[in-house]
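All remarks here apply to the structure that follows.
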Amino acid sequence: MEKEVFDLEQKHLDKTYNKLLEMKKEIEEQISALDEKASDEKNDIRDNIRLDYADYETTMETLGEIEVWNRYIDTYNIESSSLGKRLAIVNKLLESPYFAKIQVQFDPSEEPESYYIGRAAISENGYDQMVVDWRSPIAEVYYNQESGQTHYTVEDREIPVDLQLRRQFELHKNELISYFDTQIAIEDPMLLESLSQTRSDKMQAITATIQKEQNTVIRYPDVPVLLVNGIAGSGKTSVLLQRIAYLFYQKRKTLRPDQVCLMTLNPVFRDYIDNVLPDLGETNPLTLTWQEFMEMVNVPFMDSEYDYTEAESLQLIHDALPDLIPEAGDFYDIRQKENLVMSRKEVLSVVRQFSQFPMGVRLIQTVADELEHRAKYALHNKDNNRENGSSGVAKNGSAEDNRIENDFGGALRDIRRCSFVNVMHVAKRILGKPRITAAEWLYTKMELTGICDRNMKYVMIDEVQDYTMAQMQVFKKYFPNAKFMLLGDEFQAIREGTITFAQIEEMARADKKDFVELPLMTSYRSSPEITDMFASILPEEKKMMVSSVKRPGEKTIVKQCVSEDEYYKELQETIDKYSEMDGLTAIICRNDSNLEKIMAALGDKAPQVITGHDALPKNGAFLIELTLAKGLEFDHVILADADSKSYPDTELGNHCLYTAMSRATQHLAIISNGDLPDKVNN
């Protein structure tokens, strides 16, 4: 019976694969024909178009011809892009057409129906689907892991079905390597096989092995604030990327990549995840670090990689601004290059004309409109007097307006952008201090000018426990129409003064926004031995909820050295041992000074150092600071400075220890020069 099933599935795979090959050939022929046609059209344009600008009428005819040809070219470009995307999907499916099959019965009087699930959908004739997309409603039955009577949801309507078969495949192109029928995902050979693979420098999509608790997050209905609270290794970032892909699929007619913003802690992490969505046939959204976000919104300075703004400062700016009496220092001169258009005193006089409005958006926008009107009038008069003498003879109105825009666009643009406001001076006056932070500057500008991004529909913040309350308030104000998905682990908060999950909920409730918190309590990253080690740091009630699905591995190495010679010898031997194994070996240091000390001591044998601007290597060993290692995972991890000074028995010290240890998947070595941290000793 098993061979008969195997042969039937192989036959179906061959049929699907051959259809994909036919589609690939057909698309390539269409692209070739389109390119040839486009080339002929371009030659036709070059040979036949007549660029004649002799007079107004012939100029308009020439421009009309150019516009027609431009539309032809745009049509070709759109069609070519569409064909290119389809070809990329087909090529991806040729690597492995699908990964699962379900057999469901909708009604006892009807025959059961089978569906094959893959990374993208393909149909045999434009109607009958050979493979359904993993994000389609029917695929939810596969991920729900509920045999027998279950359901899936279509536009808020539950469709009841009887799930009779849940089958998974291991495929390579058109070769069926194995199949297995299963009911409980954590026992799946496919999942365990996936988890046992060595880690690379790039995160991989988890589409074929999404677990039930992960699927709940991925397919959760839209809410204003969704907080995913997951332990280390529970797949938070993978789930985040799968949810982005799911949203793009569900809202493919209304959601564009530029309407999704993903905030990430550092460029190393962004590089680590940058191939997941393209592998799923989607475009990466706007992905920014905090520093890059500050640069994008034109903050004229940066404090550092992190922001330590007190939330009370932003509240003070909000409360005090309406009562602030404007003064000349709150504004800049308006200039066109080096030429003065309006002085700050003139700007202040306009501001005072609208004193019925308090300092804030309404005042500044009203002033901007008046300043633009006055600036245009002044520029008209100035120019007329210069060109026509003192007579001031008026020129053609619309033509003159266009010329003013061209010649003095810089000054007018500054007025429209409210760049005449000295945000720094206003913020310093309110806060009463000589230096302000980047967050305080941006928040003040938003309060004064109303600058924001109303186009953004989703803001995803990974490792949210490492952001401050002030940063979250800035995001909330800058993206007023966005839904927020926040992912993190409070026990991985490795900086002082960061936001708590209780404060996140409080912020949402204060804004009368629906708030949902979903847990992820299973570790798919680390072996049971490593999971037990980092889970031992958690509070007892949380420790009891943590589990690992990986097969048993090797015992964690814990070594306390009594001298520097012994310490560096042990460290070098462990690096050499792990370096001989397949995969990535991360030597994690608590801070930069410890890293430099170790690097100097190891000398020529020191591994390479990963900085904030480096990508991870393909394999081998490297030194990396804990702040950069956050969110990443490695086959082998060495805590190179695991002493009680680097990891003191404080909340922050224990968070850092938990974070560092939980980066490991297969091997973990904890080495100290002197006393070990209390949590390791226990």
Side-chain angles (χ1 to χ4, degrees), residues 258-271 273-274 284-318 321 332 361 364 413-414 417-428 430-431 433-456 458-482 484-486 488 493-499 504 507 611-613 627-628 630-631:
D258 67 306
Q259 294 174 314
V260 179
C261 179
L262 171 56
M263 298 302 305
T264 183
L265 286 176
N266 57 65
V268 175
F269 186 71
R270 178 178 55 209
D271 184 70
I273 65 174
D274 68 2
N284 278 323
L286 176 67
T287 308
L288 299 169
T289 63
W290 170 255
Q291 189 161 357
E292 289 164 345
F293 172 68
M294 290 289 102
E295 292 169 358
M296 184 187 77
V297 296
N298 299 313
V299 176
F301 64 96
M302 265 307 293
D303 309 317
S304 65
E305 182 182 351
Y306 296 116
D307 184 88
Y308 295 95
T309 305
E310 296 289 337
E312 292 76 14
S313 294
L314 304 192
Q315 188 62 48
L316 178 57
I317 292 167
H318 176 78
L321 187 63
Y332 290 116
V361 176
I364 297 304
R413 190 163 52 249
D414 284 347
R417 293 176 178 175
C418 303
S419 298
F420 57 88
V421 181
N422 187 340
V423 176
M424 182 86 72
H425 189 269
V426 173
K428 286 180 178 179
I430 292 173
L431 297 174
K433 57 184 186 180
R435 184 180 178 277
I436 64 169
T437 66
E440 289 165 347
W441 187 95
L442 178 58
Y443 194 85
T444 304
K445 183 166 185 178
M446 289 191 287
E447 287 280 328
L448 282 166
T449 68
I451 179 178
C452 64
D453 184 348
R454 299 186 184 279
N455 174 64
M456 198 63 66
Y458 293 92
V459 174
M460 316 296 201
I461 303 179
D462 204 8
E463 305 286 355
V464 68
Q465 75 280 347
D466 281 333
Y467 290 83
T468 63
M469 171 78 84
Q471 286 174 303
M472 297 303 295
Q473 289 176 332
V474 166
F475 291 142
K476 181 182 74 171
K477 193 171 185 66
Y478 190 78
F479 301 111
N481 297 333
F484 283 80
M485 181 180 182
L486 316 171
I494 63 172
R495 293 191 293 129
E496 295 281 7
T498 52
I499 196 166
I504 291 173
M507 280 181 67
T611 68
H613 302 286
T627 53
L628 293 179
K630 275 186 61 62

Between the side chain of N481 and the main-chain N/O of R454, is any donor-acceptor distance below 3.5 Å?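 Yes, the answer is positive, given that a donor and an acceptor are paired below the 3.5 Å cut-off.
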Any donor-acceptor pair under 3.5 Å from T498 side chain to Q465 backbone: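 Yes: the side chain of T498 pairs with the backbone of Q465.
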To the nearest 0.5 Å, what is the distance between [atom1] ([X]) and [atom2] ([Y])?
X	Y	atom1	atom2	value
M294	T289	CE	OG1	10.0 Å
T437	R435	OG1	CZ	8.0 Å
K477	E447	NZ	CD	4.0 Å
R270	N284	CZ	CG	10.5 Å
M485	D462	CE	CG	9.0 Å
Y443	L316	OH	CG	11.0 Å

Which atom of [X] lies closest to which atom of [Y], heavy atoms considered:
X	Y	result
V464	I499	O-CG2, 3.8 Å
W441	V423	O-CG1, 3.3 Å
A439	L314	O-CD2, 4.1 Å
A311	M469	CB-CG, 3.4 Å
A438	D307	N-OD1, 4.4 Å
N422	Y332	OD1-OH, 3.2 Å

Applying side-chain contact (heavy atoms from CB on, under 4.5 Å) to L486 and F475, what does each step give before you reach the verdict? CA-CA 12 Å; L486 316 171; F475 291 142; over 6 Å; no
Begin from the C-alpha positions of T627 and L265 and carry the test side-chain contact (heavy atoms from CB on, under 4.5 Å) through to its verdict. CA-CA 9 Å; T627 53; L265 286 176; over 6 Å; no
Mind checking whether [X] and [Y] have side chains closer than 4.5 Å, heavy atoms only?
X	Y	answer
I436	M424	yes
M296	L286	yes
K433	E440	yes

What verdict does the side-chain contact (heavy atoms from CB on, under 4.5 Å) test give for I273 and L262, after you've listed the backbone C-alpha separation in whole Å, the side-chain angles of each residue and the deciding distance to 0.1 Å? CA-CA 11 Å; I273 65 174; L262 171 56; 3.8 Å; yes
Picking from D271, T287, I461, L288, what satisfies side chain to side chain contact (heavy atoms under 4.5 Å, CB included) with T264?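 By the side chain to side chain contact (heavy atoms under 4.5 Å, CB included) criterion, T264 pairs with just one of D271, T287, I461, L288: T287.
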Considering residues at least two apart in sequence or located in another chain, which fulfil the ring-ring contact (aromatic ring centres under 6.0 Å, His included) criterion with Y458?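 Once residues adjacent in sequence are excluded, Y458 has no partner under the ring-ring contact (aromatic ring centres under 6.0 Å, His included) criterion.
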Does NZ or CZ of K476 lie under 6.0 Å from the centre of the six-membered ring of F484, at an angle within 45° of the ring axis?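 Verdict for F484: no cation-pi partner in K476.
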Quick one, L321 with V426, criterion side-chain contact (heavy atoms from CB on, under 4.5 Å). Give me CA distance, side-chain angles, the key distance, then yes/no. CA-CA 9 Å; L321 187 63; V426 173; 3.8 Å; yes
Determine whether the aromatic ring centres of residues F293 and Y478 are separated by less than 6.0 angstrom.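 Aromatic pair counts; centres sit under 6.0 Å.
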